[in-house]
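Worksheet for the structure shown next.
As the structure is a computational prediction, the values presented were derived from the model and not from experiment. Numbers here simply count residues along the sequence, with the first being 1.
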Amino acid sequence: MDTLAGYDWGAVALALSISMLAGLSTGVGGVFVALKSAPSNRFLAGALGFSSGVMVYISLVEMLPEAAEQVGEWPAVAAFFGGVGVIALIDWLVPEEVNPHEEHDSTNAPNLARAGALTAVAIALHNFPEGFASFMSALADPVLAAPIALAIAIHNIPEGIAVAAPLREATGRRWRAAGWATLSGLAEPAGALVGFLLLLPFLGPSTLGLSFAAVAGIMVFISFDKLLPSAIHTGHHHHSVYGVVAGMAVMALSLALLPG
C-alpha cells in the first residue's frame, strides 16, 4: 500500500474531506441568508452549546490524556497551552471592528459591503487553525474526528450568516453573498493542507501526540471564546447550558461505546 509519512493516501483523503465538509458548512449559513430565513435563536443557542460541550469534553477527556500517554504529561500540557496561545494570537491580531465575534454597527450599504468582505477575511483567518484541528484529528482517528467535525460545522453556520447578511443587504445579490460565505470556509481545508505539509517531514507518534494536545487547546479556546459567548448572546442562555450538557453526554456515551 502506498504510504505518505506512515499514512496511506486514503486516510489523508478522508481526513481532508472531513475538514472540507466542516469548513463548507459556512455555506449553509449563506443559504439561510439567500433564502431570507435563519435558524431560531433558541435553536442556535442549543446547537452552539452542544458544539461547545462536544469539543471541551473530547479535548479534556480523550485528546489531552491520549497526548500525555504518547509524549508525557508536561510536553502534552505545554502543547495544549501552545495551541491556546496560537488561536488566541490569531484572535488578537484580527481588529475588533472586523472580528466576526464582536459587535458591529454598520448601517449604510458601503459600510455593510465592507463589513461583509472584512468578516469573510476574518473568518477565513480564524478557520485556518480549525481546519488543521479537524484534519489532524481525522488523520489519527476518523471515528473520533467525526463529532469534532460536526461541532465545527455547527458553529460555522452562524459565521456564514455573518458574512452573507451584510453583503446581501449591500448588494441585493443573495446567492453571490452565499457564495462568498462558502468561500470563506475553504480556509479550513487550506489550513489542513498547509499544516500537514509543514509537519510532513516530522510526522510520527510524538508529533501526532503533540498535535493532538495542541488541537485540544485550540478547541477549548474556540469553545470558551466563540461558541459559548455566541450561544449566550442569543438570549437563551438556559438552552446554551442544556446544549453543553447534551454535547458532553453524547460524547461520553460515544466514547464509552467505542471499541478499545
Side-chain angles (χ1 to χ4, degrees), residues 21-58 98-107 111-113 115-116 118-120 122-124 126-127 130 134 146-185 188 219-254:
L21 288 173
L24 290 180
S25 62
T26 55
V28 176
V31 169
F32 278 130
V33 171
L35 297 176
K36 294 190 175 181
S37 61
S40 69
N41 283 341
R42 185 173 297 177
F43 173 82
L44 281 176
L48 291 169
F50 183 88
S51 296
S52 180
V54 166
M55 292 171 75
V56 169
Y57 190 92
I58 202 171
V98 300
N99 194 316
H101 310 119
E102 305 290 347
E103 294 295 317
H104 310 292
D105 183 17
S106 302
T107 55
N111 283 344
L112 284 170
L118 290 175
T119 299
I123 285 175
H126 280 85
N127 284 353
E130 293 175 16
S134 60
I148 296 174
L150 177 61
I152 292 175
I154 290 172
H155 103 262
N156 279 348
I157 293 174
E159 293 188 347
I161 294 173
V163 172
L167 290 176
R168 185 195 69 184
E169 295 303 316
T171 66
R173 298 185 174 183
R174 297 178 296 165
W175 291 106
R176 178 172 292 185
W180 280 110
T182 304
L183 283 174
S184 70
E188 293 214 3
M219 294 199 301
V220 168
F221 184 90
I222 289 169
S223 298
F224 290 148
D225 184 63
K226 295 165 64 176
L227 300 187
L228 283 177
S230 296
I232 293 171
H233 185 68
T234 64
H236 296 278
H237 68 279
H238 287 300
H239 287 81
S240 305
V241 175
Y242 302 152
V244 170
V245 174
M248 289 184 170
V250 168
M251 281 315 306
L253 180 61
S254 64

Give the minimum heavy-atom separation between [X] and [Y], together with the two atoms involved.
| X | Y | answer |
| --- | --- | --- |
| Ala231 | Gly49 | CB-N, 4.1 Å |
| Ser223 | Pro229 | O-CD, 4.1 Å |
| Ala164 | Ala177 | O-CB, 3.5 Å |
| Ser51 | Ala151 | OG-O, 3.2 Å |
| Ala153 | Ser25 | O-OG, 2.9 Å |

Quick check against the 3.5 Å criterion: does [X] have a side-chain atom that pairs as donor or acceptor with the backbone of [Y]?
| X | Y | result |
| --- | --- | --- |
| Thr26 | Gly160 | no |
| Ser40 | Phe43 | yes |
| Asn156 | Ala22 | yes |
| Ser52 | Leu48 | no |
| Thr234 | Ser230 | no |

> OH/Tyr242 to NE2/His237 distance, rounded to the nearest 0.5 angstrom?
Replying inline: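 Going from OH on Tyr242 over to NE2 on His237, the span is 8.0 Å.
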>> Here's a test for you: under side chain to side chain contact (heavy atoms under 4.5 Å, CB included), which of Leu228, Val56, Leu227 qualifies with Val244?
In response: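 Of Leu228, Val56, Leu227, side chain to side chain contact (heavy atoms under 4.5 Å, CB included) with Val244 is met by Leu228 alone.
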>> Show, in sequence, the C-alpha distance, side-chain angles and deciding distance for Ile58 and Met219, and conclude whether the side chain to side chain contact (heavy atoms under 4.5 Å, CB included) test is met.
In response: CA-CA 9 Å; Ile58 202 171; Met219 294 199 301; 4.0 Å; yes
>> Between Met55 and Ile222, is there a side-chain heavy-atom distance shorter than 4.5 Å?
In response: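 Ile222 reaches Met55 side chain to side chain.
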> Should Val54 and Leu150 count as side-chain neighbours, where that means a heavy-atom distance under 4.5 Å?
Replying inline: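 Side-chain contact under 4.5 Å: no.
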> Would you call the rings of His236 and His239 parallel, tilted or perpendicular, where under 30° means parallel and over 60° means perpendicular?
Replying inline: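 Answer is perpendicular, since the angle exceeds 60°.
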> When you look at Phe50 and Val250, which way does the side chain to side chain contact (heavy atoms under 4.5 Å, CB included) test go after all the steps?
Replying inline: CA-CA 9 Å; Phe50 183 88; Val250 168; 3.9 Å; yes
